[in-house]
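Following: one structure in structure tokens, then a few remarks.
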Amino acid sequence: MRRPADTDTARRRERGYREAMARAGLDVRESWLGFGTPTIVGGRLATRSLLERASVDRPTGLFTASLLGAIGVLAELRDAGMAVPADISVIAFNDHELAEHLDPPLTTVRMPNFRMGEEAVRLLLEAIEGEAGRDEMIDDAPQVIVRRSTASPEELPRPAAIR
């Protein structure tokens, strides 16, 4: 699930996804891309739509832009009779301690939030002092926190259709 590309973050994440797919020699299947709000309901609706569009030929994993969206994804997959990660893997942006307590524990991407907050405060103080506002990119690399919601698709049997 992804948010509509109406923010810089959403546009950069989509561009990164497309570039990574191209580098891997893989086609981007537009039917596998879903839009939704970063909420539990948004995750459920985007997943339901994806499952309807990609019935048999579905992806081996879903990547969502928010933790709340991922909770909705997990709930919708469970309601569809699918097991995570046996039938499909799930990963989400923005790690939180809650992720390790989900069923299954959710693989996440941990962003350098503390450092981003420090930079935001610095920019705010500069703006208060009269300096022109500007965008600032944080170069700290995100970390993938692997938990049990992901598995290699080669290791798992793929059912022919959704149960």
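Owing to the predicted nature of the structure, the values given are computational and were not obtained by experimental measurement. The basis for the numbers below is simple: all heavy atoms, side chains too, and nothing from hydrogens, waters or symmetry mates.
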Fill in: For Glu119, side chain to side chain contact (heavy atoms under 4.5 Å, CB included) partners two or more places apart
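Testing Glu119 for side chain to side chain contact (heavy atoms under 4.5 Å, CB included), a comparison that skips the adjacent residues, returns Arg115, Arg122, Glu136, Ile138.
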Worksheet entry | Counterpart residues, side chain to side chain contact (heavy atoms under 4.5 Å, CB included), relative to Arg12 (two or more places apart) |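 Asp8, Thr9, Arg15, Met137.
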Minimum-distance pair of heavy atoms, taken over all atoms of [X] and [Y]:
X: Asp103; Y: Arg78; result: O-NH1, 4.1 Å
X: Leu62; Y: Leu77; result: CD1-CD1, 4.3 Å
X: Asp27; Y: Met21; result: O-CE, 3.3 Å
X: Pro104; Y: Val84; result: CG-O, 3.5 Å
X: Ala151; Y: Ser89; result: N-OG, 3.0 Å
X: Arg53; Y: Leu33; result: NH2-O, 3.0 Å

Cluster link [X] to [Y], ILVMFWY, side chain under 4.5 Å:
X: Val28; Y: Leu26; value: yes
X: Leu98; Y: Ile145; value: no
X: Val109; Y: Met116; value: no

Worksheet item: Going by the ring pair (Phe, Tyr, Trp, His ring centres under 6.0 Å) test, which pairs reach into residues 95-151, not counting sequence neighbours?
Response: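 Of all non-adjacent pairs touching residues 95-151, none passes ring pair (Phe, Tyr, Trp, His ring centres under 6.0 Å).
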Discussion item. Has Thr108 got a side-chain atom pairing as donor or acceptor with Asn94's backbone, closer than 3.5 angstrom?
Written reply: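 It does not hold such a pair.
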Fill in: Under 3.5 Å: donor-acceptor pair, side chain of Ser149, backbone of Thr107
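Here the side-chain-to-backbone pair exists.
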Interatomic distance, [X] atom [atom1] to [Y] atom [atom2] [nearest 0.5 angstrom]:
X: Arg13; Y: Phe63; atom1: CZ; atom2: CZ; value: 7.0 Å
X: Leu124; Y: Glu131; atom1: CG; atom2: CD; value: 12.0 Å
X: Asp95; Y: Glu100; atom1: CG; atom2: CD; value: 8.0 Å
X: Leu106; Y: Thr64; atom1: CG; atom2: OG1; value: 9.0 Å
X: Glu52; Y: Arg58; atom1: CD; atom2: CZ; value: 14.0 Å
X: Leu51; Y: Asp79; atom1: CG; atom2: CG; value: 10.5 Å

Considering only distance and modelled atom types, tabulate donor-acceptor pairs under 3.5 Å from the side chains of residues 67-76, sequence neighbours left out.
| unit_1 | atom_1 | unit_2 | atom_2 | d |
| --- | --- | --- | --- | --- |
| Glu76 | OE1 | Arg44 | NE | 3.2 |
| Glu76 | OE1 | Arg44 | NH2 | 3.3 |
| Glu76 | OE1 | Arg48 | NH2 | 3.0 |
| Glu76 | OE2 | Arg48 | NE | 3.0 |

Worksheet item: Using a side-chain heavy atom cutoff under 4.5 Å and only I, L, V, M, F, W and Y, what cluster partners does Val41 have?
Response: Leu45
Fill in: Crowding at CZ, Arg147 (>12 non-hydrogen neighbours, <6.0 Å)
yes
Discussion item. List the residues meeting side-chain hydrogen bond (donor to acceptor under 3.5 Å, both in side chains) with Ser31, not counting sequence neighbours, and say none if there are none.
Written reply: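 Here no residue qualifies.
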